[in-house]
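So the structure is just underneath, and the comments pick up after that.
So you know, we letter chains A, B, ... as the sequences are listed, proteins then strands, and number each from 1. When reading the values below, keep in mind they use all heavy atoms of this one structure, side chains included, and skip hydrogens, waters and symmetry mates.
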Protein chains: 2
Amino acid sequence: MDGPLLPLGVPRAERADAARNRLHLLATAREMLAEDGADRLTMDGLAERAGLGKGTVFRRFGTRAGIFQALLDDEEQQFQQQVLSGPPPLGPDADALDRLVAYGRARIGFLFAHRDIARAALDGSQAVPAGTETPLSRMHIRMLLGQIRLGAVDPDILAVQLTAALDGPLLLHLSADDLAVDAPRMETRLVQGWQSLVHRACRP
Amino acid sequence: MDGPLLPLGVPRAERADAARNRLHLLATAREMLAEDGADRLTMDGLAERAGLGKGTVFRRFGTRAGIFQALLDDEEQQFQQQVLSGPPPLGPDADALDRLVAYGRARIGFLFAHRDIARAALDGSQAVPAGTETPLSRMHIRMLLGQIRLGAVDPDILAVQLTAALDGPLLLHLSADDLAVDAPRMETRLVQGWQSLVHRACRP
DNA sequence: GGGATAAACGGACTTTACCCCGCTTACTAT
DNA sequence: ATAGTAAGCGGGGTAAAGTCCGTTTATCCC
């Protein structure tokens with residue numbers, strides 16, 4: 001009888017003021033980040049500098065890590081576009097294996113460029129960075145694996161493990177010291193390692 | 001002239017009372033853990049229940065995560081013994097590739113059994129779990145890779161990536177939900193995935 | 001426009017990890 | 001034994017994350 005004005009499951013979009021505040025907070029956060037680094041960013045500080053109440057900050061982002069996840073999602077937008085509809089080898093219209101290699105290269109570059117934010121986006125008390133962060137990566141890898149003829153391999157598990165091999169090093173394992181020596185070189189090595197790993201993992 | 005009574009670099013062992021307190025704190029922590037779970041464990045609570053000052057808790061373990069790292073190190077002792085001098089295929093006197101597979105199986109089992117502690121041992125503000133945690137795993141994998149004839153592969157990087165593939169899923173990627181369905185089945189799948197991944201990654 | 005309603009807001013409050021510092025106590029060398 | 005000393009201890013103090021609730025305001029429908 002009545003058309004569903006509030007489609008259940010879709011939690012109704014943010015109010016205009018809320019959306020405005022979110023943007024303002026993200027911008028302010030970026031400023032503070034550039035000036036003082038991620039670990040110096042406090043919720044109180046952010047709220048004050050943005051001229052908003054602390055409650056607002058938490059209502060928008062839920063948790064401290066949530067802010068960094070939002071920043072990361074933001075940076076990730078264009079990257080996602082490239083993957084979903086950009087030119088080969090990253091986008092469609094390329095061999096799945098090539099796309100997989102290209103995706104790894106791009107994602108490593110991305111994580112490398114934003115590793116401070118990405119680290120801060122990890123929420124200790126939470127499973128995976130709840131945001132778009134890794135699940136998307138995993139889903140994409142899973143999808144590409146589906147297009148490759150593997151032997152008797154569990155593709156869901158392989159996807160999880162490859163995802164971990166991809167961002168584990170930067171999110172968990174490599175210490176600041178490991179990177180301090182020569183970061184760009186490390187990036188190259190990780191990319192080459194990924195390429196070789198994927199090639200080896202994906203032949204029957 | 002004077003013999004080095006305090007060999008520099010070796011920070012002089014814990015005093016007897018300190019060692020006693022460390023053990024008592026670990027035991028108390030285990031009790032509380034069993035009763036209430038990891039996230040319910042607070043430093044004040046632990047100190048009070050142990051009948052010690054809060055300062056002591058922090059002096060022993062440095063940080064909240066440090067307690068869980070210590071608990072994990074403790075559990076890991078016997079596991080390490082098996083690896084270093086136990087029977088094949090985990091211990092020496094087995095083919096390196098077999099040892100690698102066996103190590104992964106054992107470590108997945110270990111992480112699975114202690115995943116709550118392992119998660120809590122992650123220190124958001126720190127690179128890798130500073131304790132013995134992962135570096136040891138990585139070193140062992142690196143060592144085994146050194147005994148395997150790989151093609152033109154960077155063994156240090158492969159070690160990092162395999163380590164990530166090994167504990168990334170349990171430490172970061174798999175949510176409580178992913179495990180809730182059927183944890184033992186997930187463990188089996190991860191082990192098989194590891195076996196197949198390693199076999200594929202390690203042939204020229 | 002105008003009223004109803006739920007979302008959003010601010011900021012005080014609570015909780016908890018972590019720091020600090022004055023006092024105490026286990027070790028060490030004579 | 002004993003004096004000297006550095007490690008250890010307790011617990012109050014600080015800072016920052018996260019919660020709550022009374023008030024304000026955007027949005028929807030008429």
Side-chain angles (χ1 to χ4, degrees), chain A residues 1-8 10-25 28-29 32 36-70 120-126 130, chain B residues 1-8 10-25 28-29 32 36-70 120-126 130:
Chain A
M1 192 198 288
D2 48 356
L5 298 180
L6 286 185
L8 285 73
V10 181
R12 174 151 45 179
E14 258 170 353
R15 238 166 61 173
D17 50 351
R20 200 177 338 118
N21 286 339
R22 144 169 279 128
L23 289 176
H24 183 214
L25 283 169
T28 309
M32 297 178 71
D36 296 330
D39 25 341
R40 280 275 173 72
L41 186 74
T42 77
M43 304 301 262
D44 290 300
L46 175 58
E48 187 178 11
R49 175 145 171 182
L52 293 170
K54 194 211 292 227
T56 303
V57 179
F58 279 94
R59 202 164 319 96
R60 279 315 105 213
F61 300 105
T63 176
R64 188 185 127 92
I67 291 188
F68 296 99
Q69 288 168 22
L122 287 179
D123 185 347
S125 75
Q126 182 98 24
Chain B
M1 191 194 290
D2 48 355
L5 299 179
L6 285 187
L8 285 73
V10 180
R12 174 145 56 173
E14 257 169 354
R15 238 163 63 173
D17 50 350
R20 200 178 336 118
N21 286 339
R22 143 168 280 129
L23 289 177
H24 182 215
L25 283 168
T28 310
M32 298 177 72
D36 296 331
D39 25 340
R40 280 277 175 71
L41 186 73
T42 77
M43 304 301 263
D44 291 311
L46 174 58
E48 186 177 14
R49 176 147 170 182
L52 292 170
K54 196 190 338 181
T56 303
V57 180
F58 279 95
R59 203 164 319 95
R60 280 315 105 214
F61 301 105
T63 174
R64 189 185 125 94
I67 291 186
F68 296 100
Q69 288 168 21
L122 287 180
D123 185 346
S125 75
Q126 184 98 24

Compare the minimum distances between each of C/dC18, D/dG18, D/dC9 and the side chain of B/Ala18, then state the nucleotide with the smallest one.
-> D/dC9
Spacing between B/Arg49 atom CZ and D/dG11 atom P, to the nearest angstrom | 19 Å
Would you say D/dG8 has OP1 or OP2 under 4.0 Å from some side-chain N or O of B/Arg60?
-> yes
Out of D/dA26, D/dT19, D/dA16, whichever nucleotide has its closest atom nearest the side chain of A/Thr42 | D/dA16
Using a cut-off of strictly less than 4.0 Å, decide whether A/Thr56 has a side-chain nitrogen or oxygen near OP1 or OP2 of C/dA8.
-> no
Would you say a side-chain N or O of A/Asn21 is under 4.0 Å from OP1 or OP2 of C/dA8?
-> no
For the pair A/Thr56 (side chain) and A/Leu52 (backbone), establish whether a donor and an acceptor sit closer than 3.5 Å, ignoring hydrogens and angles.
-> no
Atom of B/Arg64, atom of B/Asp39 and distance for their closest heavy-atom approach | NH2-CA, 4.1 Å
Closest of D/dA17, C/dC9, D/dC9 to the A/Asp17 side chain is C/dC9
Atom NZ of B/Lys54 and atom P of C/dA17 are separated, to the nearest Å, by 9 Å
Main-chain N/O of A/Gly66 paired to A/Thr63 side chain as donor or acceptor, under 3.5 Å = no
In terms of side-chain geometry, is the basic nitrogen of B/Glu14 or B/Arg60 positioned less than 4.0 Å from the acidic oxygen of its partner?
-> yes
Going by modelled atom types, is there a donor-acceptor pair between the base of C/dT16 and the side chain of B/Arg64 at under 3.5 Å?
-> no
Select base, sugar-phosphate, or nothing to describe what B/Arg20 touches, counting heavy atoms under 4.0 Å on all strands.
-> nothing
In whole angstrom, give the distance that lies between atom CG of B/Asp39 and atom P of D/dG18.
-> 14 Å
Could you state the CE-C1' distance from A/Met32 to D/dA16, rounded to the nearest angstrom?
-> 13 Å
In whole angstrom, what separates B/Phe58's CZ from D/dG8's P?
-> 17 Å
State which of C/dG10, D/dA17, C/dT28 makes the closest approach to the side chain of A/Leu52.
-> C/dG10
Got a donor-acceptor pair under 3.5 Å from the side chain of A/Arg59 to the base of C/dG10?
-> yes
A/Arg12 CZ to D/dT27 C1': how many Å, rounded?
-> 7 Å
Within the pair A/Thr63 and D/dA17, is there a side-chain N or O less than 4.0 Å away from OP1 or OP2?
-> no
Side chains of A/Leu122 and A/Phe68: does their closest heavy-atom pair fall under 4.5 Å?
-> no
Is there a donor and acceptor pair closer than 3.5 Å between the side chain of A/Arg15 and the base of C/dA8?
-> no
Whole-Å gap separating C1' (D/dT14) and CE (B/Met43) | 16 Å
Quick one: label B/Leu41 by what it contacts on the DNA or RNA (base, sugar-phosphate, nothing), any heavy atom closer than 4.0 Å.
-> sugar-phosphate
Pairwise 5' ranking along DNA chain C for A/Gly51 and B/Ala16, keeping only the more 5' one = A/Gly51
What's the CG-C1' distance between A/Asp44 and C/dA12, to the nearest Å?
-> 12 Å
For A/Ala65 and A/Ala121, the nearest pair of non-hydrogen atoms, with its separation, is CB-O, 3.6 Å
NA contact type, A/Arg40, heavy-atom cut-off 4.0 Å: base, sugar-phosphate, or nothing?
-> nothing
